[in-house]
Trainee: 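Take this structure, written in structure tokens, and hold onto it; I'll ask about it next.
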Amino acid sequence: MSHALKEKVDARVSGVIAGDVRTSARLMRELDDDVPHARDVLRELHAHTGKAFVVGVTGNPGSGKSTLTDQLIAHWRKAGLTVGVVAIDPTSPFTGGAILGDRVRMQRHASDGGVFIRSLATRGHLGGLSRSTLDVVRVLDAMGKDIILIETVGVGQDEIEVTRAAHTSVVVMVPGLGDDIQAIKAGILEIADVFVVNKADRQGADRSVQDLRSMLELFRPSTASLQGAWADAPRGVAQSFGEDGWQVPILKTVATDGVGVSDVANVIENHRTHLKRCGDWKRRERDRARLEFMEALRERLIVGVLAELDAEQGQFDEILDRIAARKADPYTIADDLVSAKGIP
Ligand SMILES: Nc1nc2c(ncn2[C@@H]2O[C@H](COP(=O)(O)OP(=O)(O)OP(=O)(O)O)[C@@H](O)[C@H]2O)c(=O)[nH]1
Ligand SMILES: [Mg+2]
């Protein structure tokens, strides 16, 4: 690395660690644009990460994730904690204007130095959604943010994958659960640590809580010996037991009015305590490490090879033509490309 480049990398690293907003925002842009030295900054930052509590907020389009996130930010700011947010715009047919919507919904925190909000588009990025999300989470973590919220629409595999970057996953639903359950993947029921039935000012919220509890009991059979743990639960919180001894709480909120938000914050914090107490914190840290490592490998191998093919005008197309015309098989070409990188 040249001396000038090294200085640049060092400046980014020390700026981010000091929590400097401009440097951090610049680095996030550079990561998005795939500026080569940006990866070197992440390399250096790794040792300074791993302190933040990462919380995923997932749910159907329009369920109130941003509104709830905004309220949670306010709650934790009052408690003196700093907060980072990654809001993922699904660029789906449902929610064209999510980034603008997020800006409006979380605007009151824009001038608060203890809050950093970053919106991401999900499509059209070389490395995909999980890479961009992980990048932002890393930078926010290195900045020293106490809590990092990842808002993502639970519509696809990519989005569910992203929740693996979180210690605690909150799934937001709305009354009228039948449709919701159908729209939402069973996978999301499995990843949920906390359920929120938002828009409880609408009809059918209690019914939704009951239905959800029955669903959860099917997916995650209850453990009778854990009854005592109910004592910790906030009043009025319905619970279901998970295999790891965690009772998946189901809370009602009216996010627009802040009703029920402090209960949500409390159970999220309880979940962190639970993870630390039962040893699952380490397991989740390893899951997060796995995700990071897989991304790095993917980046290095697949994206690296593709970038080289792209650089050689037309080589990629030529390969596809040869495979389609049965002049070559995909396995041999993949083998050759990978061995050319010195991997047996
Ligand atoms: N009645 C009612 N409306 C709410 C509540 N919470 C949010 N909303 C409204 O629901 C709409 C969607 O809220 P958002 O917070 O943008 O929902 P979201 O899940 O972030 O939406 P996307 O990011 O676009 O998927 C907004 O008009 C909110 O004002 C609630 O508790 N009750
Ligand atoms: Mg939103």
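Bear in mind the structure is a predicted one, so any value in this text is a computation, not a measurement. We count residues from 1, following the sequence as given. Just follow the structure's listing: the first ligand is 1, and inside any ligand the first atom is 1. Hydrogens, waters and symmetry mates are skipped; everything else that's a heavy atom, side chains included, is used.
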Trainee: Can you find a heavy atom in the side chain of L72 that is under 4.5 Å from one in the side chain of I268?
Mentor: yes
Trainee: Name whichever N, O or S atom of E151 ends up nearest to the Mg ion (ligand 2).
Mentor: OE2
Trainee: Hey, is ligand 1 close enough to G64 that some N/O pair sits below 3.5 Å?
Mentor: yes
Trainee: Closer than 4.0 Å to some heavy atom of P61 - which atoms of ligand 1 meet that?
Mentor: 25 (O)
Trainee: Keeping the roles fixed (side chain from D141, backbone from A52), state whether a donor-acceptor pair exists under 3.5 Å.
Mentor: yes
Trainee: Side chain, backbone, both or neither: which applies to V172 and ligand 1 if a contact is any heavy-atom pair less than 4.0 Å apart?
Mentor: neither
Trainee: Considering the heavy atoms of T67, write down every atom of ligand 1 situated less than 4.0 Å from one of them.
Mentor: 7 (C), 13 (O), 14 (P), 15 (O), 28 (C)
Trainee: I want to know if ligand 1 touches A255 in the polar sense, i.e. an N/O pair below 3.5 angstrom.
Mentor: yes
Trainee: Against ligand 1, does G59 come closer than 4.0 Å with any heavy atom?
Mentor: no
Trainee: Of the listed options (E151, K252, K199), which comes nearest to atom 23 (O) of ligand 1 when hydrogens are ignored and any heavy atom counts?
Mentor: E151
Trainee: Does some side-chain heavy atom of W76 sit less than 4.5 Å from a side-chain heavy atom of F53?
Mentor: no
Trainee: Quick check against the 3.5 Å criterion: does T49 have a side-chain atom that pairs as donor or acceptor with the backbone of H46?
Mentor: yes
Trainee: I'd like to know if the side chain of D33 reaches the main chain of V35, judged simply by a donor and an acceptor atom lying under 3.5 Å from each other, with no hydrogens or angles considered.
Mentor: no
Trainee: So, the side chain of S214 versus the backbone of Q210: is there a donor-acceptor pair under 3.5 Å, distance only?
Mentor: yes
Trainee: I need the atoms of ligand 1 closer than 4.0 Å to a non-hydrogen atom of D201, numbered in the order shown.
Mentor: 1 (N), 2 (C), 30 (C), 31 (O), 32 (N)
Trainee: Verify the distance test for T67 against the Mg ion (ligand 2): any N/O/S atom under 2.8 Å, yes or no.
Mentor: no
Trainee: Please report whether ligand 1 has a polar contact with R202, defined as an N or O pair separated by less than 3.5 Å (distance criterion only).
Mentor: no
Trainee: Please identify each residue that fulfils salt bridge (Lys or Arg N to Asp or Glu O under 4.0 Å) with R39, with sequence neighbours left out.
Mentor: D135
Trainee: Does any N or O in the side chain of D146 come within less than 3.5 Å of the main-chain N or O of T82, such that one atom is a donor and the other an acceptor?
Mentor: yes
